[in-house]
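Read through the structure below, which is laid out as structure tokens, and then see the notes.
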Amino acid sequence: MSSEAHRIQFDEALIRRYDQTGPRYTSYPTAVQFHAGFGPADYAAHARASNAPPAPGAPPRPLSLYVHIPFCDTVCFYCACNKIPTRDRAKADTYLGYLAREADLQAGLYDPRRVVDQLHWGGGTPTFLTPAQMSRLMEILRARFRLRDDDRGEYSVEVDPRRIGPEVIEHLRALGFNRLSVGVQDFDPRVQQAVNRIQSEAETQAVIDAARRVGFHSVSVDLIYGLPFQSVASFARTLDRVLTRLMPDRLSIFNYAHLPERFRPQRRIRAEDLPAPAEKLRILELAIERLTAAGYVHIGMDHFARPDDTLAVAQREGTLHRNFQGYSTHAGCDLVGLGVSAISSLERAYAQNAHALEDYYARLDRDELPVARGVVLDDDDVLRRHVIMELICHFRLDFAAVEARYGIDFRAYFADALAQVEAMAADGLLALDRRGIRVLARGRLLIRNVCMAFDRYLAEGRRGTFSKVI
């Protein structure tokens, strides 16, 4: 993919016209379609079926493991994650015991030859765990799954720089992690106070410096735009400090979605303190200009990376993937989610564990998988998932390739979707011809809108509460 293909053209009038709510497409169908009629037995059947090799004589598909650590010792008011505020580390010991029980049940479903090419600890706050607890968790996983020991996998962990020092980073590296995700959000003191996340640049720098010193392959930094008291001028100062001092390999610039009716901590944020929509758009435009000028390429949606980062390489080579952790370089993995509310993703099914900790524990006390809901994909779901993932990962779609793979006449099958796409082509978001779709610079920020045209559930009116696309 050429540098021109990564170019973003910011068109405020166009963005305003298309600024609606919609899925982020970490899956298709999205979690809105999950239902309680899908249970542990359904998941177990799909998990066992996934052990079949992709071709005769081929090795079984690799695995991706996601482990959800729900605990946080402070609550960031903007957060929409499933978290449990506590300062009691003993709760993590109990949780690890249940994780071990779930891992026993999960591992029994999968061929032990399947290599874990991707591992991610998310939360909550994974670094809520003490070093001893981190070691225990890794021992739980290594005893039950075939983790790599050659540093060739993508093993990542989310860290909170406010609660750890270089010694914890060294410990994580020794456990096998090679990628680090660091939450920053904003360095402006007034913004930090308003969202209850006081985090100095010095402690953030110390964690990132330690990661580079001990050989982490990649460091990612998360920022959020649209937080209270942010302005173009204040966010510019944060960007300058991040780009000139932290110099991450990857950057995510997330849009803050203010949904206090759904997420209780957000009720501590006053709507009148949020930047006006016009100011919020200018902050996004500034971020795009600064990141592009600094040499980062736009991967998709809110993700940027250095040209030599594996995300950028995977996109150029056509192997980029998207899952519940965002963009990924490991398209060939089945995803196994461990922990409360964790989601597993298989070829023909998605499954989500119980959302409440008490329910998660109760199911494991009955010696059953803690799967509370999910969905089975039919042939139409699989086809549309492929179309949406091609667009959101690679910004292009080859009609003939889809026809050959799925045995359809593309224009006949997607006649309704193409009517919407034609309108987007008229607006300059994309180029449409007999061969396929190519998303243009003006359309890259609106890729969710393009994908939504192919979403059968939206067309049928089966939609949930989503964030704004910008």
Side-chain angles (χ1 to χ4, degrees), residues 1-9 18 22-30 52-56 58 61 297-301 311-323 327-334 345-348 377-460:
M1 185 176 287
S2 67
S3 58
E4 177 64 22
H6 287 101
R7 190 171 67 86
I8 305 173
Q9 184 177 335
Y18 279 90
R24 294 181 61 83
Y25 292 114
T26 50
S27 71
Y28 182 85
T30 66
R61 286 160 55 91
V297 297
H298 181 233
I299 299 301
M301 294 177 57
L311 274 184
V313 173
Q315 190 170 60
R316 287 196 298 271
E317 294 178 349
T319 59
L320 191 66
H321 179 57
R322 188 162 171 80
N323 60 25
Y327 287 102
S328 165
T329 60
H330 291 274
C333 295
D334 288 312
S345 172
L346 304 174
E347 182 64 24
R348 286 277 182 164
L377 279 66
D378 61 23
D379 289 345
D380 180 76
D381 291 328
V382 173
L383 165 59
R384 291 175 186 270
R385 177 176 62 184
H386 174 77
V387 168
I388 288 170
M389 291 303 155
E390 284 293 300
L391 288 167
I392 207 165
C393 291
H394 304 296
F395 296 91
R396 63 181 184 269
L397 188 67
D398 183 323
F399 293 168
V402 176
E403 290 174 337
R405 182 167 180 166
Y406 293 99
I408 62 163
D409 179 314
F410 193 97
R411 286 191 168 272
Y413 196 98
F414 289 110
D416 292 344
L418 288 174
Q420 298 181 55
V421 171
E422 286 169 0
M424 295 179 189
D427 282 336
L429 273 69
L430 51 87
L432 173 67
D433 58 26
R434 299 295 302 178
R435 294 175 298 176
I437 296 170
R438 180 169 54 88
V439 180
L440 303 177
R442 297 179 75 201
R444 285 183 69 95
L445 288 175
L446 298 167
I447 188 61
R448 287 162 72 181
N449 299 76
V450 182
C451 294
M452 286 161 65
F454 293 93
D455 189 329
R456 182 186 80 204
Y457 299 99
L458 293 182
E460 294 173 351

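Residues R24 and M301 meet the side-chain proximity criterion, which asks for heavy atoms closer than 4.5 Å. In this structure, D409 and E403 have side chains that are in contact, with non-hydrogen atoms separated by less than 4.5 Å. Within the 4.5 Å cutoff, no side-chain heavy atoms of M389 are placed close to those of V387. You'll find the side chain of P23 reaches within 4.5 Å of the side chain of L458, heavy atoms only. When side chains are defined from C-beta on, T319 does not count as touching T329, because their heavy atoms never get closer than 4.5 Å. The side-chain heavy atoms of H321 and Y327, taken from C-beta on, include no pair separated by under 4.5 Å. The closest side-chain heavy-atom distance from N323 to S345 is not below 4.5 Å. Residues F399 and F414 have side chains not in contact (no heavy-atom distance under 4.5 Å, counting atoms from C-beta outward).
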From CA spacing to verdict: salt bridge (Lys or Arg N to Asp or Glu O under 4.0 Å), R456, D378: CA-CA 12 Å; R456 182 186 80 204; D378 61 23; 3.7 Å; yes
From CA spacing to verdict: side-chain contact (heavy atoms from CB on, under 4.5 Å), T26, R322: CA-CA 6 Å; T26 50; R322 188 162 171 80; 3.7 Å; yes
Step-by-step ring pair (Phe, Tyr, Trp, His ring centres under 6.0 Å) determination, Y406 to H386: CA-CA 10 Å; Y406 293 99; H386 174 77; 5.5 Å; yes
From CA spacing to verdict: side-chain contact (heavy atoms from CB on, under 4.5 Å), R434, R411: CA-CA 9 Å; R434 299 295 302 178; R411 286 191 168 272; 3.1 Å; yes
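Donor-acceptor pairing under 3.5 Å is recorded for the side chains of D455 and Y25.
Between atom OH of residue Y28 and atom CZ of residue F454 there is a gap of 11.0 Å, rounded to the nearest 0.5 Å. With rounding to the nearest 0.5 Å, the separation of CD1 in I388 from CG in L383 is 9.5 Å. Here CZ of R316 is found 11.0 Å from CG of L311. Values are rounded to the nearest 0.5 Å.
With respect to the salt-bridge test (charged N to carboxylate O, under 4.0 angstrom), the residues R438 and D398 do not qualify. A salt bridge does not link D381 with R385: none of the charged nitrogens is closer than 4.0 Å to a carboxylate oxygen.
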For residues 416-432, which side-chain donor-acceptor pairs fall under 3.5 Å, sequence neighbours excluded?
from, atom 1, to, atom 2, distance (Å)
D427, OD1, R17, NH1, 2.8
D427, OD2, R17, NH1, 3.0
D427, OD2, Y18, OH, 2.6

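Residue C393 comes nearest to Q315 through the heavy atom pair O-NE2, 2.7 Å, listed as atom of the first residue, atom of the second, then distance. Pairing each heavy atom of A312 with each of V297, the nearest pair is CB-CG2, 3.9 Å. Contact between A58 and P53 at its shortest, heavy atoms only, is O-CB, 3.2 Å. Closest approach of S328 to L320, counting heavy atoms only: O-CD1, 3.4 Å.
The only member of I447, L445, L446 that meets side chain to side chain contact (heavy atoms under 4.5 Å, CB included) when paired with V439 is I447.
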